[in-house]
Amino acid sequence: MGIARGCVKLMMREGKRERYLGRVLTAGRQGVFATAHNLERWALEMDYVFAPSWRRCYGRAESKEKRKNITDEALFLALGFDELESMDYSDYEGCTIVHDLNKDVPIQYHDRYDLRFDGGTSEHIFDLPKVLENYNKMLKEGGRIIHLAPSSNYVDHGFYMFSPTLFSDYYSSNNWKIKESLFIRHSRRHDKDPWNIYYYQPGCLDRLAFGGLDKGMYGIFFVAEKTRESSFDADVQQGIYKRIWSNTQMSSKNKSFLQKTANRLPPRIKEIIRPYYQLLLAKIPLKYHLKLIARY
């Protein structure tokens, strides 16, 4: 997918909440859809202060150079990190570490990184539980993981498209501190058009689980912090079913009029009207299901 304006601004947003420092590892080399001039303008819009090394690298650059897209190293150094490393299955893009994340990561990379940036990579790796285990092992205590992951309308882009509930359920079950969970809508021109950014809370998309999203492309921006109690091998169950099992999914007073009415209908009638109900949901803008917080 590469790092576009929307992602850069979300990373600045997170960096303002808690300053970036130390060593970052990206999953694969990351293309950046931004010039030095773009980055400086976005920093002004986000009130983000770059690290001094940025000025040393680009402050006196020729205007022609400033029109070229910057490297992933330049971006992460500008954000505040001291060092960037990258890990990939192959070195064809010039990664610093060649390793197959389907397999255990070597011990010399354990507890090494302050940030693990997964910018559209995990969906291309078959053994997802092993990937998440490796991410855990490579991060220091207090380190952060950022996932930018595809959610809908990415057919055959990778092995997987992810539901936001995966990250919320996995990291909460494994005692990570969830810092940010966002749902993103963007066009096919994700590197040029603005992104709609929505807050995600577990359960807020339950009504769209069987249709209801429009033809837009959807993704996830998720940030979690590794704590002393964090693990990778907890028994993870999907949140919607945990809420049902604990009888706290919805009390009668929290159910909508439509839900209360539907519960009183005979099963045969429910089956007849279900497709029309889904069509009705599909015409309701996403902003009525989620809170729009920004357009980046």
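Please read these numbers as outputs of a predicted model, since none were measured by experiment.
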Polar side chain donor-acceptor pair, [X] to [Y], under 3.5 angstrom:
| X | Y | answer |
| --- | --- | --- |
| N174 | S231 | yes |
| T165 | D169 | yes |
| Y135 | S122 | yes |
| Q237 | D235 | yes |
| Y109 | E85 | no |

Are any non-hydrogen side-chain atoms of [X] and [Y] less than 4.5 angstrom apart?
| X | Y | value |
| --- | --- | --- |
| E180 | R17 | yes |
| Y89 | H124 | no |
| Y171 | F222 | yes |
| K140 | K226 | no |
| D88 | T26 | no |
| F81 | L21 | no |
| M161 | Y218 | no |
| H99 | P106 | yes |

message: Aromatic contact between F232 and Y170, with the criterion being ring centroids under 6.0 Å apart: yes or no?
response: no
I'd like to know if [X] pairs up with [Y] as an ion pair, taking the criterion as any Lys NZ or Arg NE/NH1/NH2 lying under 4.0 Å from an Asp or Glu carboxylate oxygen.
| X | Y | value |
| --- | --- | --- |
| R144 | D114 | no |
| R23 | E83 | yes |
| R185 | D193 | no |

Could you check whether the rings of [X] and [Y] sit parallel, tilted or perpendicular, using 30° and 60° as the cut-offs?
| X | Y | result |
| --- | --- | --- |
| F183 | Y200 | tilted |
| F159 | F126 | perpendicular |
| Y154 | H186 | perpendicular |

Trace of the side-chain contact (heavy atoms from CB on, under 4.5 Å) decision for D191 with R5: CA-CA 6 Å; D191 57 325; R5 172 181 56 189; over 6 Å; no
message: For the OG1 atom of T96 and the CG atom of L84, what is their distance to the nearest 0.5 Å?
response: 7.0 Å
Give me the atom names and distance for the closest heavy-atom approach of [X] to [Y].
| X | Y | answer |
| --- | --- | --- |
| A43 | F50 | CB-CZ, 3.6 Å |
| L148 | I184 | CD1-CD1, 4.1 Å |
| N175 | T227 | O-OG1, 2.9 Å |
| C95 | S86 | CA-OG, 3.2 Å |
| R295 | P194 | NH2-CG, 3.1 Å |
| H110 | V105 | NE2-O, 3.3 Å |

query: Going through the distances and angles, do F167 and I220 end up as a side-chain contact (heavy atoms from CB on, under 4.5 Å)?
result: CA-CA 9 Å; F167 298 108; I220 299 159; 3.9 Å; yes
query: Between M11 and F117, is a side-chain contact (heavy atoms from CB on, under 4.5 Å) present by the stated rule, with each step listed?
result: CA-CA 10 Å; M11 292 179 69; F117 180 75; 3.7 Å; yes
field: Backbone N/O of C7 and side chain of W195: donor-acceptor pair under 3.5 Å
entry: no
query: Passes salt bridge (charged side-chain N to carboxylate O under 4.0 Å, His left out), K130 versus D104? Steps please.
result: CA-CA 7 Å; K130 178 58 67 177; D104 289 322; 2.5 Å; yes
task: Just do the side-chain contact (heavy atoms from CB on, under 4.5 Å) check on L139 and R112 with the steps written out, would you?
output: CA-CA 6 Å; L139 274 175; R112 177 176 171 83; over 6 Å; no
- prompt: For R41, does the CZ atom sit with more than 12 other heavy atoms under 6.0 Å from it, leaving out its own atoms?
  reply: yes
